Amino acid sequence: MTPLWPHIAILGFVTAQRLIELPVARANTARLLANGGREVAPGHYPFIVAMHAAWLASLWVFALGRPINLGFLALFGLIELARVWVLRSLGNRWTTRIITVPGEQLVARGPYKFVSHPNYLVVIAELAVLPLVFGLWQIALIFTALNAAALTVRIRAENGALSPSRRRKS
């Protein structure tokens with residue numbers, strides 16, 4: 001019988017990570033709004049929350065007891081390091097919503113020096129790779145497709161909200 005503690009440790013880590021990030025995102029959102037920011041295109045946000053919750057719940061339901069692929073687990077670890085890099089680069093500007101603050105420059109440090117939406121690249125990779133750690137390619141496929149639909153709307157809204165005249169600064 002396969003021990004469950006590694007599964008619980010992996011899924012517990014990701015669950016705790018998300019639960020810790022939610023109040024941080026709320027606090028950052030509140031601060032940005034208090035500084036004159038405005039939320040853009042909030043209509044898609046409930047779908048994103050529901051999708052992420054369903055992804056995590058599906059892993060808790062289907063991953064326990066399945067073999068763990070150490071290669072995918074190592075890749076997931078690297079993805080989480082990229083996540084930390086993104087969050088540290090954004091600092092108190094990181095939030096789960098699209099908030100624009102007039103007069104603020106776009107972040108151009110860390111991974112933002114290289115790509116416009118590194119946080120979304122991390123999320124794409126997380127949603128695909130963590131299920132593969134447990135051999136759940138069906139979950140990876142379903143949530144990758146759902147995420148692609150959500151990000152199509154979100155990135156279009158975010159890019160539309162950002163003035164082309166804004167300059168990047170660190």
Side-chain angles (χ1 to χ4, degrees), residues 7-8 10-64 76 79-107 110-112 115-134 136-164 166:
H7 304 77
I8 293 169
I10 295 164
L11 296 176
F13 167 78
V14 175
T15 302
Q17 179 186 57
R18 297 309 196 264
L19 291 174
I20 290 167
E21 288 174 352
L22 286 174
V24 172
R26 274 192 287 260
N28 287 344
T29 297
R31 188 190 52 73
L32 291 167
L33 293 173
N35 289 336
R38 70 178 184 90
E39 184 173 5
V40 176
H44 71 283
Y45 186 72
F47 174 78
I48 288 176
V49 171
M51 180 195 60
H52 280 263
W55 170 77
L56 198 51
S58 70
L59 291 173
W60 278 103
V61 169
F62 296 108
L64 296 179
F76 186 74
I79 293 164
E80 294 312 283
L81 290 175
R83 181 182 190 79
V84 170
W85 189 26
V86 166
L87 296 179
R88 288 183 56 92
S89 297
L90 287 173
N92 62 8
R93 293 173 69 176
W94 176 78
T95 180
T96 56
R97 296 179 177 270
I98 303 171
I99 309 292
T100 60
V101 180
E104 283 202 15
Q105 298 293 317
L106 296 175
V107 172
Y112 290 87
V115 293
S116 296
H117 299 288
N119 191 56
Y120 300 146
L121 293 176
V122 167
V123 171
I124 290 166
E126 285 176 326
L127 293 180
V129 172
L130 187 56
L132 296 177
V133 167
F134 305 106
L136 297 169
W137 62 268
Q138 301 92 334
I139 291 175
L141 186 63
I142 290 165
F143 286 97
T144 295
L146 291 171
N147 190 50
L151 286 181
T152 298
V153 172
R154 185 172 179 96
I155 291 172
R156 187 175 300 135
E158 190 170 321
N159 286 342
L162 300 175
S163 167
R166 288 184 165 189

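The structure presented is a predicted model; accordingly, all values stated were derived computationally and were not measured. Start at 1 with the first residue, then count along the sequence.
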Might you work through the side-chain contact (heavy atoms from CB on, under 4.5 Å) test for Glu80 and Phe13, ending with a clear yes or no?
CA-CA 11 Å; Glu80 294 312 283; Phe13 167 78; 4.2 Å; yes
Leu130 and Ile10: side-chain contact (heavy atoms from CB on, under 4.5 Å), yes or no, with the steps?
CA-CA 9 Å; Leu130 187 56; Ile10 295 164; 3.8 Å; yes
Verdict with supporting geometry, Met51 and Leu127, side-chain contact (heavy atoms from CB on, under 4.5 Å):
CA-CA 10 Å; Met51 180 195 60; Leu127 293 180; 4.2 Å; yes
Evaluate the criterion side-chain contact (heavy atoms from CB on, under 4.5 Å) for residue pair Arg97 and Leu32; output intermediate values, then yes/no.
CA-CA 11 Å; Arg97 296 179 177 270; Leu32 291 167; over 6 Å; no
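Shown here for Phe143 and Ser58, the closest heavy-atom pair between the two residues is CE1-OG, 3.7 Å. Pairing each heavy atom of Pro118 with each of Val86, the nearest pair is CB-CG2, 3.9 Å. Closest approach of Ser89 and Val107 over heavy atoms only: O-CG1, 3.6 Å. Nearest approach of Ala140 to Ala128, heavy atoms of both residues: CB-O, 3.3 Å. The two residues Leu132 and Trp137 make their nearest non-hydrogen contact at CD2-CA, 3.7 Å. Shown here for Pro131 and Leu59, the closest heavy-atom pair between the two residues is CA-CD2, 3.8 Å.
The structure places CZ of Phe76 at 10.5 Å from CG of Leu81, a figure rounded to the nearest 0.5 Å. Atom CG of Leu33 sits about 4.5 Å away from atom CD1 of Ile99, to the nearest 0.5 Å. With values rounded to the nearest 0.5 angstrom, Leu151 atom CG is found 7.0 Å from Tyr120 atom OH. If you take CG on Leu121 and CD on Glu126, they are separated by 11.5 Å, rounding to the nearest 0.5 Å.
Trp60 CH2: more than 12 foreign heavy atoms inside a 6.0 Å radius. A 6.0 Å sphere centred on CZ of Arg18 holds more than 12 heavy atoms belonging to other residues, nucleotides or ligands.
His44 places none of its side-chain heavy atoms less than 4.5 Å from the side chain of Arg156. Put simply, the side chain of Val101 does not reach to within 4.5 Å of the side chain of Arg93, judged on heavy atoms. Considering only heavy atoms from C-beta on, Leu87 comes within 4.5 Å of Glu21 through its side chain. Counting heavy atoms from C-beta on, the side chains of Leu64 and Ile8 come closer than 4.5 Å. Side-chain atoms of Phe134 and Ile139, non-hydrogen and from C-beta on, never get closer than 4.5 Å to each other. Taking the side chain as every heavy atom from C-beta outward, Leu106 and Tyr112 never approach each other to under 4.5 Å. The shortest distance between side-chain heavy atoms of Arg154 and His117 does not fall below 4.5 Å. Contact check for Ile98 versus Tyr45: no side-chain heavy atoms found under the 4.5 Å cut-off.
Ring pair His52/Trp55 is perpendicular by interplanar angle, where above 60° counts as perpendicular and below 30° as parallel.
Each salt bridge (charged side-chain N to carboxylate O under 4.0 Å, His left out) pair with one or both residues in residues 44-61, not counting sequence neighbours, would appear here, but there are none.
Across Thr152, Ile124, Ile142, a single residue satisfies side-chain contact (heavy atoms from CB on, under 4.5 Å) together with Asn147, and that is Ile124.
Using a distance-only test at 3.5 Å, with no hydrogens or angles considered, no donor-acceptor pair links the side chain of Asn28 to the main chain of Thr95.
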